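Notes for the one structure printed next.
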Amino acid sequence: MKARLPAFLGLILLGTLLSSVLILFEAGRNLPPTAAPLFELLGKPLKTADAALTRILPIDEVDEAELGNAIALRYEVYRDESDPDQKYVESLVRHLSRDSHRGFEYRVFILPNPAPNASAAPGGVLFVTSGLLKMVETESELVSVLGHEIGHVELGHCIDLVRFQLLADKVEARPLGEIADLAVGIMLRPSFSKTQEADADAYGFRMLLKENYNPFGMANAFQKLAERNPDDMESGNPLDEYYRSHPSSTLRARRYRTEATQASIKRYYIGRRNLEERVSRYDAEYPEEWLGTSEED
Ligand SMILES: [Zn+2]
């Protein structure tokens with residue numbers, strides 16, 4: 001008798017896993033097969049008993065904040081509160097999004113993936129890979145990427161894309177939890193327009209200036225991405241696919257180097273030590289990380 005319980009639980013688990021893979025394959029059917037592990041990783045259904053997730057909603061009536069909460073619920077398993085990376089990026093996102101005019105509660109999840117990447121989902125849910133945290137060398141660079149993703153949310157790009165794609169796919173009404181999975185699948189596909197990307201870049205750059213971070217942080221981050229993801233390289237990695245869809249990182253690096261030069265900021269914060277120690281500048285500001293002279297000096 002005792003052996004039956006684990007077998008039974010195993011069956012339930014397998015069933016749940018299969019159904020989630022099916023749902024996600026539907027969302028990611030245009031993706032190469034190499035994307036499958038990523039989708040499985042992201043799609044582990046959790047808390048499916050949560051009443052909010054089983055409520056069936058017509059796509060055009062989905063509230064963005066509510067959808068964000070549903071997505072966050074699904075990926076809560078990736079949030080390890082004791083993880084220094086998690087605490088660090090969370091502190092940054094909390095402060096950078098404090099003026100969110102959309103009024104979303106921003107959440108961020110660190111995905112164990114070596115490819116440097118970040119993405120945003122409706123309602124202020126951000127995903128950052130461990131590879132991105134390895135790639136950047138200063139907090140300024142990281143903030144430029146976070147600013148870009150927050151920009152996609154604040155400018156309404158994420159919810160517009162999800163609604164558009166679901167309606168195009170003739171998905172009329174689904175349980176909220178399923179819409180959340182589909183939304184994440186859509187967000188991982190290369191799909192923003194060049195204009196939207198340019199607007200998100202501008203948003204991220206303005207954030208660097210407003211927060212007195214190194215204005216060259218954005219150009220430096222793009223430069224590193226360009227070195228790691230040559231635009232014409234076929235790697236079969238879905239995260240590389242994502243970056244290829246963005247305007248060339250080399251061009252963006254060049255553009256934002258010029259913007260930073262023209263901004264002629266006299267004093268700015270680098271945050272190399274903050275990144276190294278995983279302590280956000282909002283929690284500890286190190287005087288040696290300031291460069292240049294202020295008006296008062
Ligand atoms: Zn983008």
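In this chain, numbering begins with 1 at the start of the sequence shown. Here the structure is a predicted model, which means the values were calculated and not measured.
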Query - Aromatic ring proximity, centroids under 6.0 angstrom, Phe192 and His152 - result: yes
Requested in this report: Would you sort out whether Tyr106 and Val153 count as a side chain to side chain contact (heavy atoms under 4.5 Å, CB included), showing the intermediate values?
Outcome: CA-CA 10 Å; Tyr106 275 75; Val153 176; 3.2 Å; yes
I need the [X] [atom1] to [Y] [atom2] distance, nearest 0.5 Å.
X	Y	atom1	atom2	answer
Asn212	Lys266	CG	NZ	13.0 Å
Leu57	Arg55	CG	CZ	4.5 Å
Ile110	Leu126	CD1	CG	10.0 Å
Ser144	Phe205	OG	CZ	10.0 Å
Gln165	Asp160	CD	CG	12.5 Å
Glu90	His95	CD	NE2	12.0 Å

Report task. Run the numbers on Ser100 and Glu154 for side chain to side chain donor-acceptor pair (under 3.5 Å), then give the verdict. Result -> CA-CA 7 Å; Ser100 156; Glu154 292 292 309; 2.8 Å; yes
**Report entry** Audit row: Val89, Val108, side chain to side chain contact (heavy atoms under 4.5 Å, CB included) steps and yes/no
**Finding:** CA-CA 7 Å; Val89 183; Val108 61; 3.9 Å; yes
Under a 3.5 Å distance rule, please check whether [X] uses its side chain to pair with a backbone N or O of [Y] as donor and acceptor.
X	Y	answer
Asp169	Val171	no
Asn274	Ala284	yes
Glu289	Tyr269	no

Taking all atoms of both residues into account, what is the closest heavy-atom pair of [X] and [Y], and its distance?
X	Y	result
Tyr213	Ser140	CD2-OG, 3.6 Å
Pro116	Met135	CB-SD, 3.7 Å
Lys87	Ser82	CE-O, 4.1 Å
Ser280	Ser91	OG-OG, 2.8 Å
Asn214	Leu208	O-CD1, 3.6 Å
Thr129	Ala115	OG1-O, 2.6 Å

Within a strict 4.5 Å, meaning less than it, do heavy atoms of the [X] and [Y] side chains meet?
X	Y	result
Leu53	Arg74	yes
Val279	Tyr286	yes
Leu111	Val128	no
Arg257	Gln223	yes
Arg252	His148	yes
Met187	Leu161	yes
Ile56	Leu176	no
Tyr268	Leu209	no

Please check if [X] and [Y] belong to a single hydrophobic cluster, counting links between Ile, Leu, Val, Met, Phe, Trp and Tyr side chain heavy atoms closer than 4.5 Å.
X	Y	value
Leu291	Val136	yes
Phe164	Ile71	no
Val143	Phe216	no

Report task. State whether Phe109 and Arg79 meet the cation-pi test: NZ (Lys) or CZ (Arg) under 6.0 Å from the six-membered ring centroid, and within 45° of the perpendicular axis. Result -> no
Requested in this report: Let me know which of Asp85, Asp283, Asp83 forms a side-chain contact (heavy atoms from CB on, under 4.5 Å) with Arg278.
Outcome: Asp85
**Report entry** Heavy atoms from other residues, nucleotides or ligands near NZ of Lys210 exceed 12 (cutoff 6.0 Å)
**Finding:** yes
Query raised in the report: Is it true that atom CD of Glu81 has more than 12 heavy atoms of other residues, nucleotides or ligands lying nearer than 6.0 Å?
Result: no
Are [X] and [Y] ion-paired here, with the side-chain N under 4.0 Å from a carboxylate O?
X	Y	value
Asp60	Arg163	no
Glu211	Arg98	yes
Glu139	Arg272	no
Lys224	Glu137	yes

Query raised in the report: Does the pair Thr138 and Leu142 meet the rule for a side chain to side chain contact (heavy atoms under 4.5 Å, CB included), with working shown?
Result: CA-CA 7 Å; Thr138 66; Leu142 181 55; over 6 Å; no
Query raised in the report: By side-chain contact (heavy atoms from CB on, under 4.5 Å), which residues pair with Arg255, not counting sequence neighbours?
Result: Glu259
Query raised in the report: Between the side chains of Glu197 and His157, does any donor sit under 3.5 Å from an acceptor?
Result: no
Requested in this report: Might you work through the side chain to side chain contact (heavy atoms under 4.5 Å, CB included) test for Asn69 and Arg107, ending with a clear yes or no?
Outcome: CA-CA 9 Å; Asn69 292 341; Arg107 284 139 298 188; 2.7 Å; yes
Query - Evaluation steps, side chain to side chain donor-acceptor pair (under 3.5 Å), between Glu149 and Tyr203 - result: CA-CA 9 Å; Glu149 299 305 335; Tyr203 192 99; over 6 Å; no
